[in-house]
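Notes for the one structure printed next.
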Amino acid sequence: MVDFSLWDIVRNLLLAARWTVVLSLIAFVGGGLVGGLLLVARTARWPGATAFVKAYVQLFQGTPLLMQLFLAYFGLALFGVDTSAWVAATLALTLYTSAFLVEIWRGCVEAVPKGQWEAAQSLALSFGEQLRHVILPQARRIAIAPTVGFLVQVIKGTALASVIGFVELTKAGTMITNATFAPFLVYSCVALMYFALCFPVSWAARTLERQRHAHR
């Protein structure tokens, strides 16, 4: 057993927590980009896009994130692709996040009254101009609160990256527990740090949601 002071435990967990934050941000930004492209493809009704996006969403929402992480880490290796835990975690979380964001954003776009589409068409705007100047600005206001709220799920989802060896907050907690044999203390600190990361985001989402309803 290694003697760790409370400060040693907290300091090491804080160092690992930065990778949780970085992985969350990369997954959220990457997932947002992929989700945005899928949303445009489906909204524009490109040939085959609707069926493809539906299948994509069903695949990544219908399978556990843990399995997606395993497949990204071990599956690519079967094709000769040398995948690090960092790349596998980023890839799996990005795909997982995009599947949820595209559905959140699709619902927000569909919440915009059809009359707005018709009004934009009457101005002879192209599809891209309708989307950019009329629909998306209205859908964005609706989407901010659920999108921010979903970030909490992404942050908590990064904990599963520990199973493929990615050293983030949960993995660091396990490693410190193995050295100190003080699981209650260590995992209590881990839980508090996740709470510190997630609570401000949850609070922001609730505040944005209240503001949106207040302006109706």
Side-chain angles (χ1 to χ4, degrees), residues 20-65 68 89-158 194-216:
T20 293
V21 174
V22 171
L23 183 58
S24 300
L25 291 175
I26 291 176
F28 199 68
V29 173
L33 292 173
V34 175
L37 290 173
L38 293 173
L39 175 69
V40 171
R42 180 167 182 175
T43 307
R45 301 182 188 279
W46 293 347
T50 299
F52 173 78
V53 174
K54 282 183 178 178
Y56 182 91
V57 170
Q58 291 296 325
L59 175 64
F60 288 102
Q61 287 191 3
T63 54
L65 176 58
Q68 295 170 26
T90 302
L91 177 64
L93 280 164
T94 295
L95 296 175
Y96 173 82
T97 302
S98 66
F100 281 88
L101 286 180
V102 69
E103 278 300 277
I104 292 172
W105 292 345
R106 183 182 63 82
C108 296
V109 167
E110 291 181 352
V112 176
K114 290 184 178 179
Q116 297 295 312
W117 285 100
E118 295 168 355
Q121 289 170 358
S122 69
L123 296 173
L125 297 178
S126 65
F127 173 79
E129 292 171 333
Q130 293 172 35
L131 206 59
R132 188 168 64 253
H133 297 300
V134 179
I135 304 303
L136 287 184
Q138 299 180 68
R140 186 169 56 239
R141 286 197 293 272
I142 304 171
I144 288 175
T147 301
V148 173
F150 181 69
L151 179 56
V152 175
Q153 302 303 319
V154 177
I155 294 172
K156 290 190 289 188
T158 59
Y194 274 114
F195 179 77
L197 290 173
C198 294
F199 178 74
V201 180
S202 298
W203 179 81
R206 286 196 299 271
T207 302
L208 290 167
E209 187 69 24
R210 283 197 298 270
Q211 289 177 349
R212 187 168 73 84
H213 286 294
H215 285 89
R216 281 182 173 177

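Count residues from 1 along the sequence. Every heavy atom of this structure was used, including side-chain atoms; hydrogens, water molecules and symmetry mates were not.
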Quick one: does Ser98's side chain get under 4.5 Å of Tyr56's, heavy atoms only?
-> yes
Nearest heavy-atom approach of Ser24 to Thr158 is OG-CG2, 3.4 Å
Kindly give the heavy-atom pair with the smallest separation between Val148 and Ala204, and that separation in Å.
-> CG1-CB, 4.3 Å
Gap between atom CG of Leu197 and atom NZ of Lys156 - 0.5 Å precision = 12.0 Å
For Phe100 and Val154, what are the C-alpha separation, side-chain angles and deciding distance, and is it a side chain to side chain contact (heavy atoms under 4.5 Å, CB included)?
-> CA-CA 10 Å; Phe100 281 88; Val154 177; over 6 Å; no
CA sep, side-chain torsions, deciding dist, call: Val109, Arg106, side chain to side chain contact (heavy atoms under 4.5 Å, CB included) | CA-CA 5 Å; Val109 167; Arg106 183 182 63 82; 5.8 Å; no
Look up atom OG1 in Thr147 and atom CD1 in Ile142, then write down how far apart they are to the nearest 0.5 Å.
-> 11.0 Å
Could you state the interatomic distance from CG (Leu151) to OG1 (Thr97), rounded to the nearest 0.5 Å?
-> 9.0 Å
Got a sec, which residues hit side chain to side chain contact (heavy atoms under 4.5 Å, CB included) with Thr90, two or more places apart in sequence or on another chain?
-> Leu23, Ile26, Trp86, Thr94
Salt bridge (charged side-chain N to carboxylate O under 4.0 Å, His left out) filter on Glu129, not counting sequence neighbours, yields none
Does any non-hydrogen side-chain atom of Tyr96 lie less than 4.5 Å from one of Leu101?
-> no
Partners meeting salt bridge (charged side-chain N to carboxylate O under 4.0 Å, His left out) with Arg42 (sequence neighbours left out) = Glu103
Output the distance between atom CG (Leu38) and atom CG (Leu33), rounded to the nearest 0.5 Å.
-> 11.0 Å
Closest heavy-atom contact between Ala49 and Ala41?
-> CB-O, 3.4 Å
Might you point out which heavy atoms bring Ala99 and Gln61 nearest each other, and give the distance in Å?
-> O-NE2, 3.1 Å
Heavy-atom closest pair (Thr63 atom, Leu59 atom, distance to 0.1 Å) is OG1-O, 2.8 Å
Could you give the distance from CG (Leu65) to CZ (Phe60), rounded to the nearest 0.5 Å?
-> 10.5 Å
Backbone N or O of Val134 within a donor-acceptor pair of the Gln116 side chain at under 3.5 Å?
-> no
Across all chains, not counting sequence neighbours, the side chain to side chain contact (heavy atoms under 4.5 Å, CB included) partners of Gln58 are none
What pair of heavy atoms forms the shortest contact from Gly36 to Trp105, and how long is it?
-> N-CZ3, 3.7 Å
SG (Cys108) and CD1 (Ile135) are apart, to the nearest 0.5 Å, by 12.5 Å
Contacts of Phe195 meeting side chain to side chain contact (heavy atoms under 4.5 Å, CB included) (sequence neighbours excluded), chain-then-number -> Phe199
Please collect all salt bridge (charged side-chain N to carboxylate O under 4.0 Å, His left out) contacts where either partner lies in residues 140-153, sequence neighbours excluded, each pair once.
-> none
